[in-house]
Protein chains: 4
Amino acid sequence: MHQLILTFSCNDTSGIVHAVTGAIVGCGGNITELQQFTSLDTGRFFMRVEVDTPVHPDDFCQVIEQVSDLFGAAWQVSAANRKARALVLVSKAAGPLNDLLFHLRAGDLPIEIPLILSNHDNLRSLAEFYGIEFGSQAVLPENKHEFENRIRQCVADLDIDLVVLARYMQILSPELCDDLAGRVINIHHSFLPGFKGANPYRQAHIRGVKLIGATAHFVTSDLDEGPIIEQNVHRVDHSYTVSELSSVGQRLESETLTAAVRLFAQKRIFLDGIRTVIFK
Amino acid sequence: MHQLILTFSCNDTSGIVHAVTGAIVGCGGNITELQQFTSLDTGRFFMRVEVDTPVHPDDFCQVIEQVSDLFGAAWQVSAANRKARALVLVSKAAGPLNDLLFHLRAGDLPIEIPLILSNHDNLRSLAEFYGIEFGSQAVLPENKHEFENRIRQCVADLDIDLVVLARYMQILSPELCDDLAGRVINIHHSFLPGFKGANPYRQAHIRGVKLIGATAHFVTSDLDEGPIIEQNVHRVDHSYTVSELSSVGQRLESETLTAAVRLFAQKRIFLDGIRTVIFK
Amino acid sequence: MHQLILTFSCNDTSGIVHAVTGAIVGCGGNITELQQFTSLDTGRFFMRVEVDTPVHPDDFCQVIEQVSDLFGAAWQVSAANRKARALVLVSKAAGPLNDLLFHLRAGDLPIEIPLILSNHDNLRSLAEFYGIEFGSQAVLPENKHEFENRIRQCVADLDIDLVVLARYMQILSPELCDDLAGRVINIHHSFLPGFKGANPYRQAHIRGVKLIGATAHFVTSDLDEGPIIEQNVHRVDHSYTVSELSSVGQRLESETLTAAVRLFAQKRIFLDGIRTVIFK
Amino acid sequence: MHQLILTFSCNDTSGIVHAVTGAIVGCGGNITELQQFTSLDTGRFFMRVEVDTPVHPDDFCQVIEQVSDLFGAAWQVSAANRKARALVLVSKAAGPLNDLLFHLRAGDLPIEIPLILSNHDNLRSLAEFYGIEFGSQAVLPENKHEFENRIRQCVADLDIDLVVLARYMQILSPELCDDLAGRVINIHHSFLPGFKGANPYRQAHIRGVKLIGATAHFVTSDLDEGPIIEQNVHRVDHSYTVSELSSVGQRLESETLTAAVRLFAQKRIFLDGIRTVIFK
């Protein structure tokens with residue numbers, strides 16, 4: 001039996017679930033998980049199905065393609081045990097990378113990381129401990145374009161599904177954001193109220209926030225405003241120093257980024273305009 | 001158009017979703033929400049579907065009945081705007097009743113309460129403020145059987161879907177629990193670790209717990225051990241007095257009970273052995 | 001024995017705690033709770049002490065005044081069982097007012113509410129159920145000044161400690177904000193990221209936030225940017241309608257406002273520049 | 001200037017804070033943080049003070065000793081920058097150890113780990129990556145006594161303040177628990193309701209809990225019932241497999257254990273009968 005994940009989205013109309021599940025039944029498939037959602041905002045229909053089927057995946061795809069043609073749907077079929085291939089970009093902060101690598105090794109994060117790229121060298125030993133190739137080079141205004149081309153090349157050559165910005169402290173160019181739309185996940189701190197500008201934990205301290213948070217989101221050319229994937233908060237009080245706030249924040253960032261990468265790897269995230277639909 | 005909610009459960013096999021959605025398509029129905037889950041523990045399949053259909057509900061039911069016969073399924077069709085009818089039992093504590101009534105009036109809790117029954121009289125004015133009939137009588141060992149028969153009678157006469165124990169401080173007899181299985185929701189305090197016996201907030205205080213909680217669950221004859229519907233916790237510390245712990249706990253209990261009643265009213269709760277499957 | 005609460009703040013220097021506690025010992029007082037904090041940002045020292053003393057409160061105040069003179073301190077002594085007197089301003093939304101009144105009656109919110117003022121009449125019956133005087137009048141641009149004078153008058157005549165904006169949908173004038181600085185608490189919704197402008201729950205829905213929140217804060221003339229007192233969040237997902245987001249948000253707002261009012265009533269909130277120091 | 005932390009506890013009476021702060025003032029000390037609490041349950045008084053003083057710590061101790069004699073107090077003075085020395089015991093699970101070591105290196109966990117001991121060898125490479133000595137030996141019923149003597153010896157020889165059971169899967173003997181009372185922290189899973197016996201995540205799954213948790217506590221001979229230090233929970237639902245519950249639980253355990261160790265290292269935990277008083 002092949003265990004497959006089907007994702008399927010199109011403009012909403014009646015009969016979609018029946019048609020898709022009919023195609024699955026026709027393949028002798030058994031549905032083990034099915035979620036669907038119709039967005040009233042955009043009129044889009046989204047579905048994720050896990051199927052056990054005796055049919056070869058290529059044949060299954062052919063059947064799904066016929067159904068998708070009826071609805072003008074975007075769809076994808078993946079082996080349930082296929083790991084998403086992630087390129088991770090980092091700078092100096094170790095937390096998010098350490099969390100990704102630990103859970104990768106622990107077996108509860110279904111990804112492969114063929115390469116880590118950085119604009120600093122200090123996380124090399126961590127990468128090596130986990131047996132993962134690590135490339136670094138200084139990124140300056142004059143060679144940023146070249147570095148981004150290296151990213152593009154790696155994405156193509158290494159069959160990358162997902163680029164993870166694990167506290168990568170460079171802003172991607174709008175062109176790269178567009179080229180990789182829906183495939184780049186970033187993590188950043190979040191506060192109530194929000195702050196603009198530098199040194200956010202200092203601002204949060206001065207402002208006396210009682211909660212600090214982290215948001216994982218898809219990267220778009222609209223900086224830090226891409227579709228939200230996951231958010232977490234932690235309670236703090238006036239006695240936290242800036243450094244303690246930052247420490248709490250970095251733990252949140254690590255946890256939130258790993259959760260978002262897991263959702264992506266499990267094909268649970270759909271884009272619905274400027275927001276996400278997530279089937280947990 | 002009729003807006004209907006269909007719940008459907010049976011032993012898992014292939015083709016159920018296809019068959020049910022085929023019946024819906026046959027009725028010209030459009031699925032606006034669909035969730036399903038297969039329990040690996042019990043082998044049961046559960047599905048909840050919201051449908052817009054031009055067909056009269058009685059005709060829709062006939063079509064679903066034919067499908068259900070194929071799978072030996074338990075099913076129910078309700079109008080989406082039909083409010084669940086709840087009989088609420090209380091004693092002296094006002095919190096959970098106040099929360100239910102406030103949200104009922106606010107329009108975000110789709111229930112009707114034709115009657116509140118109590119073994120005390122002190123909540124009568126609250127019931128009257130919200131315009132709800134209130135019956136009270138002292139419940140003693142010698143007339144407990146009679147009071148429980150009154151409950152049975154009310155359930156029958158008032159077409160009650162759900163009995164809510166909103167801090168009703170009497171234990172229902174095993175016979176009544178069995179008669180109303182899956183239709184009685186209770187709320188009680190919960191702690192890590194759990195405590196047996198009297199005065200739990202005092203025990204929690206002595207033990208120095210850092211979290212206190214509340215659990216809403218279906219009532220079974222196995223006291224406080226029925227299938228869990230909803231749980232919440234709140235952080236506390238050593239400085240909380242017993243009375244402050246109790247105050248925090250009662251707020252949690254109110255919030256958790258109202259949430260559980262809402263889930264029931266929306267037909268989102270399924271029983272899967274000794275646990276619940278909840279489609280949020 | 002008199003149970004007193006002393007709050008004391010001044011520029012930090014050495015010997016403050018010793019001097020204050022010496023004064024207390026001199027009054028035969030026993031300290032039952034003491035918290036202090038020195039703000040590295042502003043150099044201010046803050047202390048809250050609960051004391052049991054056989055000395056008359058007036059005499060106790062005289063002794064404290066002598067100590068305060070040494071440090072140029074701001075201080076206040078209150079009977080621990082004195083309830084804060086709150087003027088509550090509301091518009092149409094019932095949630096926060098209902099929560100305040102319920103907990104006031106339940107005995108776990110140490111305030112008195114001599115008057116509720118509103119620019120609408122619909123919450124009158126709720127106020128009457130709890131036996132609290134309710135005044136209402138339409139507030140229009142041309143009489144807003146007059147209504148604010150009525151507020152000023154009530155604060156003076158009714159010996160008001162605290163003005164609570166329980167979803168009062170009018171903006172206070174900068175003059176009134178200044179007159180009542182540190183004595184007006186407001187509640188408003190909060191999101192990650194923040195939104196400006198009208199219909200925030202619709203914006204939150206479109207943006208697909210995964211957490212919604214509420215912030216209670218002191219009112220300043222800088223709208224919604226006053227010192228934060230308390231914050232809470234609740235997890236949501238893409239399936240929440242605007243109305244469901246709003247319903248969750250209003251529950252959070254009620255809970256958060258009541259918590260902030262309780263902290264104020266217990267003299268636990270200190271202003272430290274644009275933030276609060278809160279001794280829980 | 002010397003930055004010192006003073007902890008002080010005794011039976012409650014009046015004048016303690018004044019006497020202790022007087023001694024500090026006498027040493028030219030400036031109090032930068034002070035917390036105190038009187039337990040109504042046990043009648044014990046607890047205080048933690050951070051002091052900047054020009055006096056040598058030995059002289060400061062002499063002064064404190066004189067005060068402590070007045071009240072029969074237990075007290076301790078430590079340099080604020082002295083790191084707690086921890087012996088970590090592990091078995092096969094990597095999560096809690098990884099979390100401790102990461103935060104130790106990140107600089108936000110003020111401990112030193114001179115040695116890790118294990119009854120398995122598989123975490124050796126992780127220890128080596130962080131440059132920490134790792135000793136392992138199989139622990140069987142016949143040599144358990146010998147292994148516990150090795151623990152005792154290490155505690156003595158290495159000047160150990162704290163023994164951390166980071167998912168160490170052996171039960172310590174009552175004698176060792178007594179010898180190290182108040183100095184051994186363990187982490188274990190927690191649920192609402194609690195479960196006894198083997199395979200708790202399977203039980204939690206069958207029971208359909210909606211929250212899973214973790215509790216860090218001091219070890220006593222009453223297994224898993226020692227004084228609670230820290231607790232956290234995470235929301236789950238029916239769709240989590242046993243393995244996913246376990247994965248969520250292990251993340252909670254790691255986070256909770258690290259938090260408890262940090263509190264210990266900062267001298268923030270006091271024992272008050274069977275519970276803890278924690279000054280955050």
Side-chain angles (χ1 to χ4, degrees), chain A residues 1-4 6 8 10-41 43-55 60 63-64 67 70-71 210-211 233-237 239 268 277-280, chain B residues 1-4 6 8 10-41 43-55 60 63-64 67 70-71 210-211 233-237 239 268 277-280:
Chain A
M1 294 292 275
H2 302 276
Q3 297 190 302
L4 304 176
L6 164 66
F8 193 99
C10 58
N11 289 331
D12 191 37
T13 183
S14 72
I16 308 171
V17 177
H18 182 60
V20 173
T21 56
I24 292 168
V25 170
C27 294
N30 189 36
I31 294 169
T32 56
E33 189 175 329
L34 180 154
Q35 288 145 303
Q36 64 80 244
F37 177 73
T38 300
S39 170
L40 297 179
D41 301 75
R44 292 290 286 178
F45 167 91
F46 303 93
M47 186 163 60
R48 179 186 185 277
V49 194
E50 294 195 15
V51 182
D52 289 352
T53 174
V55 162
F60 185 80
V63 173
I64 295 298
V67 182
L70 301 176
F71 300 102
K210 306 306 180 193
L211 295 173
V233 293
H234 196 279
R235 192 165 290 275
V236 295
D237 68 27
S239 71
R268 295 186 181 278
V277 168
I278 297 183
F279 292 136
K280 285 190 180 167
Chain B
M1 293 292 274
H2 302 274
Q3 297 189 303
L4 304 176
L6 164 66
F8 193 98
C10 57
N11 289 331
D12 192 36
T13 183
S14 72
I16 308 172
V17 177
H18 181 59
V20 173
T21 57
I24 292 169
V25 169
C27 294
N30 188 36
I31 294 170
T32 56
E33 188 176 330
L34 180 155
Q35 289 145 302
Q36 63 80 245
F37 178 72
T38 300
S39 170
L40 298 179
D41 301 74
R44 293 291 285 179
F45 168 91
F46 303 94
M47 184 164 60
R48 180 186 183 277
V49 192
E50 294 195 14
V51 182
D52 290 351
T53 175
V55 163
F60 186 79
V63 172
I64 296 298
V67 181
L70 301 175
F71 300 102
K210 306 305 180 195
L211 294 174
V233 293
H234 195 278
R235 191 166 291 275
V236 295
D237 68 27
S239 71
R268 296 186 181 279
V277 168
I278 297 184
F279 292 137
K280 286 191 180 167

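A, B, ... follow the sequence lines: proteins, then strands. Residue 1 opens every chain. Computation of the quantities below employed the complete heavy-atom set of this structure, encompassing side-chain atoms and omitting hydrogens, waters and symmetry-equivalent molecules.
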**Study point:** Non-neighbouring partners of Arg44(B) that pass side-chain hydrogen bond (donor to acceptor under 3.5 Å, both in side chains), sequence neighbours left out
**Key:** Asn11(B)
Revision key, fill the gap. Checked Val25(A), Leu34(A), Asp12(A), Ile16(A) vs chain B; the most non-hydrogen pairs under 4.5 Å come from Leu34(A)
Exercise for review: Enumerate the residue pairs fulfilling ring-ring contact (aromatic ring centres under 6.0 Å, His included) with a member in residues 16-37 of chain B, sequence neighbours excluded, ordered by first and then second residue.
Suggested key: His18(A)-His18(B), Phe37(B)-His238(D)
Review point. Quick one: CG on Asn30(A) to CZ on Phe45(B), what's the gap to the nearest 0.5 Å?
Key: 9.5 Å
Point to revise | Minimum heavy-atom distance between Gly29(A) and Ser14(B), given as atom pair plus value | key: O-CB, 3.7 Å
Exercise for review: Check step by step if side-chain contact (heavy atoms from CB on, under 4.5 Å) holds for Thr32(B) and Leu40(A).
Suggested key: CA-CA 9 Å; Thr32(B) 56; Leu40(A) 297 179; over 6 Å; no
